[in-house]
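Below: the structure, in structure tokens.
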Amino acid sequence: MAKVVKPSVLIKGTKDGLLFFLDDSLPFSIVLNELKHKLLHENASHIWNGPDMRVQIKLGKRQITRSEEQDLREVFSARKNLHIHTLESDGIPYLLDSPRKMEMLTGTVRSGQVLSHQGDLLLLGDVNPGGCVQSTGNIFILGALRGLAHAGSDGDESVIIAASIFRPTQLRIHNIISRPPDEWKESENHMRFAYIVKEQIAVDKMNHLSHIRPEMEWKEIGRKFG
Amino acid sequence: MGESIVVTSGKGGVGKSTTSANIGTALALIGKKVCLIDTDIGLRNLDVLMGLENRIVYDIVDVIEETCRVDQALIRDKRCEELYLLPAAQTKDKSAITSNQLRRLIADLRDQFDYILIDCPAGIESGFQHAIAGADKAVVVTTPEHTAVRDADRVIGLLEKERIATPKLVINRFRKQLVKDGGILDVEEVVSILSVDLLGVIPDDEHVIRSGNAGEPVVWNSASLAGKAYRNVARRIMGEMVPLLVQEKEQNMLVKMKKWLGFA
Ligand SMILES: Nc1ncnc2c1ncn2[C@@H]1O[C@H](COP(=O)(O)OP(=O)(O)OP(=O)(O)O)[C@@H](O)[C@H]1O
Ligand SMILES: [Mg+2]
């Protein structure tokens with residue numbers, strides 16, 4: 001005799017859109033499966049293929065990891081008309097690993113100087129030849145990078161190094177070292193970023209970052225007018 | 001109360017002594033009372049550039065060791081009433097003085113002079129540390145080459161750490177022709193890397209070499225572009241607004257004019 005199982009996903013309609021209550025007493029994978037079932041089931045298509053709708057997700061007392069959040073978003077991405085607007089746990093941050101904190105610093109890092117940092121760094125200023133910025137997280141430079149930048153210095157390979165004027169003498173991400181080709185064309189003298197791909201450092205134009213780090217891309221919430 | 005300005009560069013041979021001698025002479029010509037101090041102990045040069053070598057009796061180490069009074073060691077310039085030189089010792093080395101001794105010496109000279117210009121030795125070791133100890137302000141000299149700019153950048157970083165008011169830049173030995181074919185850096189490039197205010201651009205000029213050998217600073221030579229550029233630098237130090245002259249006369253241009261005012 002099967003017990004009467006209360007649904008692990010509860011959906012409510014409000015004037016603002018849809019509220020999804022995800023049960024916090026069951027393993028997240030089970031909740032996710034039920035959600036998938038509800039959203040993807042053929043019989044359900046006719047309900048979901050309506051107009052654009054805002055979705056608010058309530059996690060109860062549960063906190064999730066970044067990868068669980070990604071899985072969750074992926075399930076929702078199957079329904080193009082559903083746009084996740086908020087994601088929250090009761091009275092606590094919904095993310096287990098606290099979100100990356102970015103620190104903003106100003107000033108020039110001159111020859112012989114080393115700027116060492118923990119976490120993500122936004123530097124408003126130049127890094128001159130012979131100068132060095134080092135960070136355990138991402139490095140973003142609103143200025144000219146002409147010296148050395150070392151991101152992910154304690155082992156994070158997913159970080160990037162970006163600069164408005166990208167002329168580094170050397171780049172390091174985690175333990176991978178690279179230097180620019182001997183010939184830099186002047187036309188390459190604009191906003192770029194570096195990242196690791198196949199154990200090598202690659203450099204690309206800023207507008208390609210969203211292809212490489214889709215999880216970081218912002219998404220416009222669809223609106224219907226009239 | 002006079003103001004002390006150290007002339008420094010990091011890299012050797014870029015024109016610190018030439019710049020000290022010429023800014024000092026130009027300020028004296030405007031009517032300021034100026035003292036030049038040569039802190040390049042063991043490698044003294046400034047006396048030669050000023051043509052005063054044969055008048056040296058006492059030097060800076062004698063003053064610090066109290067072998068003589070400071071006024072006994074000061075040498076009055078032969079052409080300018082209000083210009084004096086405190087020469088370096090030639091037979092000692094950099095360890096003959098300390099930062100504190102120099103700081104005290106400069107404090108004594110402040111009452112008597114409007115400007116005290118300190119000619120700094122090359123490098124960033126003890127000689128440099130001593131020279132900047134008593135300075136209120138700094139003039140950093142560089143040539144438009146990567147190595148010199150790199151060293152100037154290092155020195156600016158060290159000056160900022162010592163809380164010496166934002167250094168000002170003199171670009172020396174500039175050659176427009178060489179910029180055109182990419183042989184050297186352009187003024188804008190140097191200023192953008194170092195991100196400090198520009199005090200002047202001195203053209204590469206053979207008059208400078210001749211006048212150095214003759215012991216008469218090039219500012220005395222009215223035909224020399226370098227002499228004119230140094231006179232302009234002196235006026236900017238006094239807070240005047242003077243358009244920037246880059247080599248050819250028709251290339252007068254205004255760069256960061258209002259910033260220059262901040263120097264005086
Ligand atoms: N504008 C110029 N045009 C041509 N020659 C110059 C110019 N400025 C300096 N020089 C020459 O460069 C040489 C070095 O100049 P100077 O002695 O002033 O440099 P410095 O920085 O004091 O050197 P050091 O580091 O040895 O003290 C000298 O021979 C000088 O004549
Ligand atoms: Mg010298």
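A, B, ... follow the sequence lines: proteins, then strands. Residue 1 opens every chain.
- Listed by chain and number, the residues in a salt bridge (Lys or Arg N to Asp or Glu O under 4.0 Å) with K94(B) are D40(B) (sequence neighbours excluded).
- Interface remark: of the candidates E160(B), K161(B), R150(B), R150(B) forms the most heavy-atom pairs closer than 4.5 Å to chain A.
- Counting heavy-atom neighbours within 6.0 Å of M206(A) CE, excluding the residue itself, gives a total above 12.
- Interface with chain B: from residues 127-135 of chain A, residues N128(A), P129(A), G130(A) qualify, criterion being any non-hydrogen pair under 4.5 Å.
- For E199(A), the CD atom counts as loosely surrounded, since its 6.0 Å shell holds 12 or fewer non-hydrogen atoms of other residues, nucleotides or ligands.
- The minimum heavy-atom distance between R146(A) and S192(B), with the atom names listed, is NH2-OG, 3.3 Å.
- Closest of all the heavy-atom pairs between R110(A) and S195(B) is NH2-OG, 3.7 Å.
- The structure places CD1 of I156(B) at 10.0 Å from CD of Q113(A), a figure rounded to the nearest 0.5 Å.
- From T108(A), atom OG1 reaches atom CG of L194(B) across 9.5 Å, with rounding to the nearest 0.5 Å.
- Within 6.0 Å of NE2 on H146(B) lie no more than 12 heavy atoms contributed by other residues, nucleotides or ligands.
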